[in-house]
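Heads up: the structure comes next, in structure tokens.
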Amino acid sequence: MKMPKNYAALIFIFFIAFLAGRSQEYKFQHITTVEGLSHNEVRRIVKDSQGFLWFGTQNGLNRYDGYRFKIFKNIPGDSTTIVGDKIYSMVATKDKLWVGTITGLSIINTVTLEVLPTPTILKTAGEKGMLQLFSDASNKVWASTENENFLIDATTLEVKPILEDYKVATVAKGLDNVYWIGTDKGLLKFDGKNNSIIKTYDIGAFNVYGLDEIFTNTYGELWITLGSTILRYQSERDRFVEVFRSDALNAIAQNKKGDIFFGSYGSGVLRYSRDTGMFVPILANPENHLSVSSNDVYEIYVDEEDIIWVGTQEGLDYYDSSRHRFNSLVHLPENRNSLRSSFVQNVFQDRDGTFWVGTREGIDHVVFGEGYSNPKITHIDMGSIGFESLNKDYVTSIYRDSKDRLWIATMGNGLFMIHEKHKHYKHFIQDDGNATSLASSSVRAILEDHLGRMWFGTGGGLALLNDQGNKDYSFENFGYSKMTTNSEPLNDIYTVFEDSKHRIWIGTNRGGLSLLQEEGGSTDFLRFNHNPTDPKSISNDEVFVIYEDSKKRVWFGTSAAGLNLLKEDGRPEINEGYYFQSFTESDGLADNEINSILEDDEGDLWIATNTGFSEFNANTETFTNYSTYDGVLKGKFRKNARWKTKDGTLFFGGAAGINYFNPNNFKLNKVVPEPVFLDLLIDGRVIEIGQQLDGSVIVDKPLGSGSVVRLPGKDNRFQIEFASLTYASPIRNIYAYKLEGLDKDWRFTTGNDPSARYSKLKAGNYRFYLKASNNDGVWNNEPIYLDIVVRANFMDRNIVKIGIGVLLLLTLLLGILAFKKYKNHTKLKESSAKIKKSHKPIDPVLNEENLEKIKELDQLMEMEKVYLDSELGLGQLADKIEVSANHLSMLLNDYVGKNFYDYINHYRVEEVKKRLKDPNYQKQTLSSIGGDCGFNSKSAFNRIFKNLTGKTPSEYQNMTKD
């Protein structure tokens, strides 16, 4: 039976839409002219033999080290610049980059960055557009203009014409010295040893001005994009078959998994899945900032770290899996298949796999496809069972007990029970006239203990459910009493937890921690409170999170003082032998406010804080922190909004939605970094090769391991910029450096500021060592180094010092003689020679420029308030006013009289003071105001505020109220 065409078309469209949904696993970061790229239309991507990435655009050439761009453009009449800015082809050989432009070929020495003179090539090829370049390990470069083709020796630059009767559009290397060449007369199978054609395949003409490509991979396969078709070679039949059609196809690349990516002009990126044999479109989506920028794609390149680089008409995109380990579910106002609210208070997975998501505006159901793909989200209407208010309630906890009853707790509307099997629905609230009603209508925690009893933590104390049968329920409530120290320490309960020893722990807000103790029919509570004089007491009285790991260790998360581990071998006369070991920001924790804890399958704890995740190895007591840079949602995580699935996937809810991820799927980056020196700067200005300062050449060749830097005695302050040439999460790279002769230990910096600064060095010889790690902590084996020679000042030389000493002695003797000669004088005028420090004259032009930059900086602070960004660094601020970090540091010190941190924190403190006086912020907490004003932790906020004002934030707030 034939399917009607319209139905077939609908199914096809649905199928493509489904595949497009699957393609969203590729989340792209974007680089444009805003980040320093010379032009947004990126035509070619190449990595050179040093490890730098090069991007050829329609307005210049760009070298990229992971942090910075160095741009090369044509300067008319200057033969030391590239011959043109519109780049159409590019290839790298040993220490050379071959750049084909619309006006000819340029060759750049990638070590010295000089444009090499090429008289032989210019004589043979002229100034014609270089449309195709190809190179392989044979040290030959294939080069083609519209009508001519050449083989160029990559070392001698000797040029030989080849295939004079063909127009060559693309070249690829096959097996056994065989080349596949796309020409205007079809595909050639070419013998590279004898320079002869083996066979011609009549599959169509290749367009030298088109984007057709030939690609051979590690599987021995041959793929071709020709016009709008993808062809694949069948070696057993020696023929090509069409496997897919799309808009103008071009670039081809392969990742480590073996998937193949095709670029197209009009249909984005196509991914061929080796697992399924299917082609999946990866399309631009204006509503998704992590989609590919444009459906007009020119180039695709996959590097050694499996990063996919895509050159488009609207910028450079790249997919770096290390920055997208964390998936998310969020609220999208115009999308029904999204969470109903950004604020997720609870995550619970039911027995059938459905996730219940409690938000501040009701409940959602989430059902995932295979591999946690294609989530289907349903906004549950609780009005159908008489719980209409739940559609808008602030849901704090959801739990299904052993009797198949579903419990839903809310922040202000009590507790709901749903027993679907028996069609039994119950709503519990606090009733002042009924002592056996729920302790409070504000319910935060639900626990079923090993005896099947149901406990509820509320704003009015601890409530125990009494099931009296016949659908009749009451509560026994336990609360704070001034009459006894054995009562609950405070009624404001946020968590109730039973550990493997059947101990029930209760965490409160400002009341500390308590342990439920039942004996002989009586119930009391052992209290644990923070004692500033006892380092073994719990670190804070705001205990919101309790968790037990697979090794039976019990952990307590506080709101302001980090993580606590329960210890049980203390003195029995104090808290029955219980005490605590704490871990805070000073130990490497991202933030001291703990919101949730889960353990992964390897035994590491994942701790949700206000600034992201901290992965904690309890055995080594070390933290690895993840933030929005890694794909973590912005905003605070919510207390105890977490879930772990059977396969090890972790879910955390927060103010911006849900992050979910499986640490078992994190791939370790094993690529060893290759650190390089980039630039030497003095007073914020790059020192060029051969440049003189105080009459001497500072560097006479490109900076590399073993290079010598010669500094004069009075201008020996300098900055060295460097990179690791690993591009996976480069901000997470760590650099260790040491100036031997000055530093006793290694100093460390990160990808936020990959540079080192020194000043006021004494005359002598130093050696600067540098080593680097990639984003996953893999270090290079041997450090690279520079030799630094600081020449002595004239005044520092021994012979000068001796001469000055003799002169002073003679002056003294002459003075004594003069005193004796004129002793009748009542007053003797003393004279002494003083050696004044010479000052360099102020350059009025430079001084005026610096004052303008200070004015621009002040406007940036006042108008844009960039200091509100807690991750703002010296380098980022310098970029905003278009100066180097070192120059900005000089401006702040010399013109403002403050270092970077004092300068930024001054504005942050002033902003906090304004908000504390503003009635619009009265309902906001102090820590929240501090976070909004740029402080990344409560402790830093308190310390800096007090240093600058003499008062803590709370003292200042009370003063303004008074």
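The figures here come from the full heavy-atom set of this structure, side chains too, leaving out hydrogens, waters and symmetry mates.
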Item checked: Arg323 charged N/C atom sitting above Tyr629 aromatic ring, 6.0 Å / 45° -> yes
Item checked: Distance flag, aromatic centroids of Phe368 and Tyr660, threshold under 6.0 Å -> yes
Next item on the list: Considering only NZ, NE, NH1 and NH2 on the basic side and carboxylate oxygens on the acidic side, decide whether Lys644 and Asp600 come within less than 4.0 Å.
Entry: no
Notebook entry, point to check: Does a donor on one side chain and an acceptor on the other come within less than 3.5 Å for Asn610 and Asn595?
Noted result: yes
Margin query: In the structure I gave you, are the side-chain heavy atoms of Phe661 and Thr649 within less than 4.5 Å of one another anywhere?
Written below: no
Next item on the list: Could you tell me whether a side-chain N or O of Glu615 sits under 3.5 Å from a main-chain N or O of Asn625, the two making a donor and an acceptor?
Entry: no
Next item on the list: Check the angle between the aromatic planes of Phe651 and Phe355 and answer parallel, tilted or perpendicular using the 30° and 60° thresholds.
Entry: tilted
Notebook entry, point to check: Do Asp275 and Lys257 sit within salt-bridge range, that is, some charged N less than 4.0 Å from a carboxylate O?
Noted result: yes
Checklist line | Residue pair Leu605 / Asp549, side-chain heavy-atom distance below 4.5 Å | finding: yes
Notebook entry, point to check: What residues, two or more places apart in sequence or in another chain, satisfy ring-ring contact (aromatic ring centres under 6.0 Å, His included) together with Phe623?
Noted result: Phe616
Item checked: Spacing of Arg444 atom CZ and Phe456 atom CZ [to the nearest 0.5 Å] -> 14.5 Å
Margin query: Run the salt bridge (Lys or Arg N to Asp or Glu O under 4.0 Å) test on Asp404 and Arg351 for me, step by step, so that the C-alpha distance in whole Å, both residues' side-chain angles and the decisive distance to 0.1 Å come before the verdict.
Written below: CA-CA 10 Å; Asp404 205 31; Arg351 293 164 187 166; 2.9 Å; yes
Notebook entry, point to check: For Lys47, does the NZ atom sit with more than 12 other heavy atoms under 6.0 Å from it, leaving out its own atoms?
Noted result: yes
Check: Hey, are His331 and Ser341 close enough side-chain-wise for a donor-acceptor pair under 3.5 Å?
Finding: no
Notebook entry, point to check: Rounded to the nearest 0.5 Å, how far does CZ of Arg245 lie from CD1 of Ile230?
Noted result: 11.0 Å
Next item on the list: Applying ring pair (Phe, Tyr, Trp, His ring centres under 6.0 Å), run through Phe348 and Trp643 and close with a yes or a no.
Entry: CA-CA 6 Å; Phe348 169 77; Trp643 189 265; 5.2 Å; yes
Notebook entry, point to check: Would you call Lys551 and Asp604 a salt bridge, using N to O less than 4.0 angstrom?
Noted result: no
Next item on the list: Verify whether the ring centers belonging to Phe262 and Phe244 lie closer than 6.0 Å.
Entry: no
Margin query: Just checking Tyr319 against Phe261, ring centres under 6.0 Å apart?
Written below: no
Check: Strictly under 6.0 Å, is that where the ring centroids of Tyr547 and Trp505 end up?
Finding: no
Notebook entry, point to check: Thinking salt bridges, do Arg274 and Glu221 make one under a 4.0 Å N-O criterion?
Noted result: yes
Check: Can we call the ring centroids of Trp606 and Phe652 under 6.0 Å apart?
Finding: no
Notebook entry, point to check: Taking 4.0 angstrom as the limit, do Arg732 and Asp630 come out as a salt bridge?
Noted result: yes
Check: Do Arg336 and Ser338 have side-chain N/O donor and acceptor atoms under 3.5 Å apart?
Finding: no
Margin query: Do Ser402 and Glu448 pair up side chain to side chain, a donor and an acceptor below 3.5 Å, judged on atom types alone?
Written below: yes
Check: Is a salt bridge present between Arg271 and Asp259, judged by a nitrogen-to-oxygen distance below 4.0 Å?
Finding: yes
Margin query: Does this structure show an ion pair linking Arg553 with Glu548, if we count only N-O contacts that are shorter than 4.0 Å?
Written below: no
Checklist line | Residue Lys634 excluded, over 12 heavy atoms near NZ under 6.0 Å | finding: no
Next item on the list: Look at the rings of His419 and His424 and say which category their plane angle falls in: under 30° parallel, 30 to 60° tilted, over 60° perpendicular.
Entry: tilted
Checklist line | Polar contact flag, side-chain donor to acceptor under 3.5 angstrom, Asn775-Asn669 | finding: yes
Check: Are the aromatic ring centres of Phe28 and Tyr318 under 6.0 angstrom apart?
Finding: no
